[in-house]
Amino acid sequence: MAQQLEPLESLLASASGREAGKWKSITFAAIAVYLLCTAAWQFWSGDFGQKAWLNLLLGCCSVLVVKYEKRIYVSPLGFVKETHTWHTHHREILPWDEVRCITLRAKNGRLMLLAERDVTGWKLFFKTEEQAKLKEIFKRYAPKVKVNEIYQRF
């Protein structure tokens with residue numbers, strides 16, 4: 001089992017994060033039990049064929065997906081993506097000093113944020129009401145980063 005990550009301060013959570021809901025978790029748990037039991041029965045009966053190994057592999061993958069969580073948030077260090085399962089914990093940070101430009105685009109109650117780094121970047125979503133708080137965070141933690149806003153003409 002992987003060690004838990006040290007928690008970072010979250011200034012603002014993104015709407016881009018995902019979590020396996022209750023019903024998805026129950027569904028994947030049922031699939032995992034079925035596939036693992038089928039694989040065990042096939043191995044026990046002496047069938048070591050491709051189907052038994054496939055059931056074992058898919059059952060193990062289903063177990064990992066049962067507790068899946070992806071958190072994306074803004075922290076004093078920069079933009080943070082965290083992925084958690086039962087087995088792994090991974091964190092990726094886009095530090096403020098690597099961000100070259102930030103573009104904001106509001107549409108249909110959602111705010112899209114593009115954070116550019118060299119050639120690549122991150123695309124994050126927030127609620128439109130959080131735009132003022134985001135600008136405040138940028139002024140405090142990344143005052144040198146240029147913030148562009150795209151407005152809808154029509």
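Every value quoted in this text rests on a predicted model; they were computed, and no experiment measured them.
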With a cut-off of 3.5 Å and sequence neighbours excluded, list every side-chain donor-acceptor pair involving residues 27-45.
| unit_1 | atom_1 | unit_2 | atom_2 | d |
| --- | --- | --- | --- | --- |
| T27 | OG1 | W23 | O | 2.7 |
| T38 | OG1 | Y34 | O | 2.7 |
| Q42 | OE1 | A52 | N | 3.4 |
| Q42 | OE1 | N55 | ND2 | 3.2 |
| S45 | OG | W41 | O | 3.2 |
| S45 | OG | Q42 | O | 3.0 |

Inset, instruction - List for me each residue that meets side chain to side chain contact (heavy atoms under 4.5 Å, CB included) alongside E98, sequence neighbours excluded, and say none if there are none. - result: L94, P95, R117
Legend entry - Distance, nearest 0.5 Å, that separates CH2 of W96 from CZ of F138: 5.0 Å
Inset, instruction - Could I get the full list of side-chain hydrogen bond (donor to acceptor under 3.5 Å, both in side chains) partners for T83, not counting sequence neighbours? - result: none
Legend entry - Contacts of type salt bridge (Lys or Arg N to Asp or Glu O under 4.0 Å), residue E116, not counting sequence neighbours: none
Inset, instruction - Could you tell me which residues satisfy side chain to side chain contact (heavy atoms under 4.5 Å, CB included) with K146, sequence neighbours excluded, listed by chain and number? - result: N148
Inset, instruction - Might you work through the side-chain contact (heavy atoms from CB on, under 4.5 Å) test for W53 and L58, ending with a clear yes or no? - result: CA-CA 9 Å; W53 288 106; L58 292 175; over 6 Å; no
Legend entry - Minimal non-hydrogen separation, W122 against V80, with atom names: CZ3-N, 4.0 Å
Inset, instruction - Keeping to residues at least two apart or across chains, list the salt bridge (charged side-chain N to carboxylate O under 4.0 Å, His left out) pairs with something in residues 78-92. - result: R71-E82, E82-R91
Legend entry - Partners meeting salt bridge (Lys or Arg N to Asp or Glu O under 4.0 Å) with K135 (sequence neighbours left out): E149
Legend entry - Contacts of type side chain to side chain contact (heavy atoms under 4.5 Å, CB included), residue L11, not counting sequence neighbours: E9, P76, I137, Y141
Inset, instruction - With sequence neighbours excluded, tell me which residues meet side-chain hydrogen bond (donor to acceptor under 3.5 Å, both in side chains) with S62. - result: none
Inset, instruction - Report the distance from atom CG of L104 to atom CG of L111, rounding to the nearest 0.5 Å. - result: 5.0 Å
Inset, instruction - Sort and list the pairs that fulfil salt bridge (charged side-chain N to carboxylate O under 4.0 Å, His left out) and have at least one residue in residues 28-37, not counting sequence neighbours. - result: none
Legend entry - Gap between atom CD of Q131 and atom CZ of F126 - 0.5 Å precision: 11.5 Å
Legend entry - Partners meeting side chain to side chain contact (heavy atoms under 4.5 Å, CB included) with L77 (sequence neighbours left out): L8, S75, I93
Legend entry - Pairwise side chain to side chain donor-acceptor pair (under 3.5 Å) hits with a residue in residues 99-114, at least two apart: none
Inset, instruction - Apply side-chain contact (heavy atoms from CB on, under 4.5 Å) to K133 and L12, showing your working. - result: CA-CA 8 Å; K133 186 166 183 175; L12 187 63; 4.1 Å; yes
Inset, instruction - Measure the spacing between OG of S16 and NZ of K70 and express it to the nearest 0.5 Å. - result: 7.5 Å
Inset, instruction - Assess whether side-chain contact (heavy atoms from CB on, under 4.5 Å) is satisfied between Y73 and S14, documenting all intermediate values. - result: CA-CA 5 Å; Y73 56 92; S14 171; 5.8 Å; no
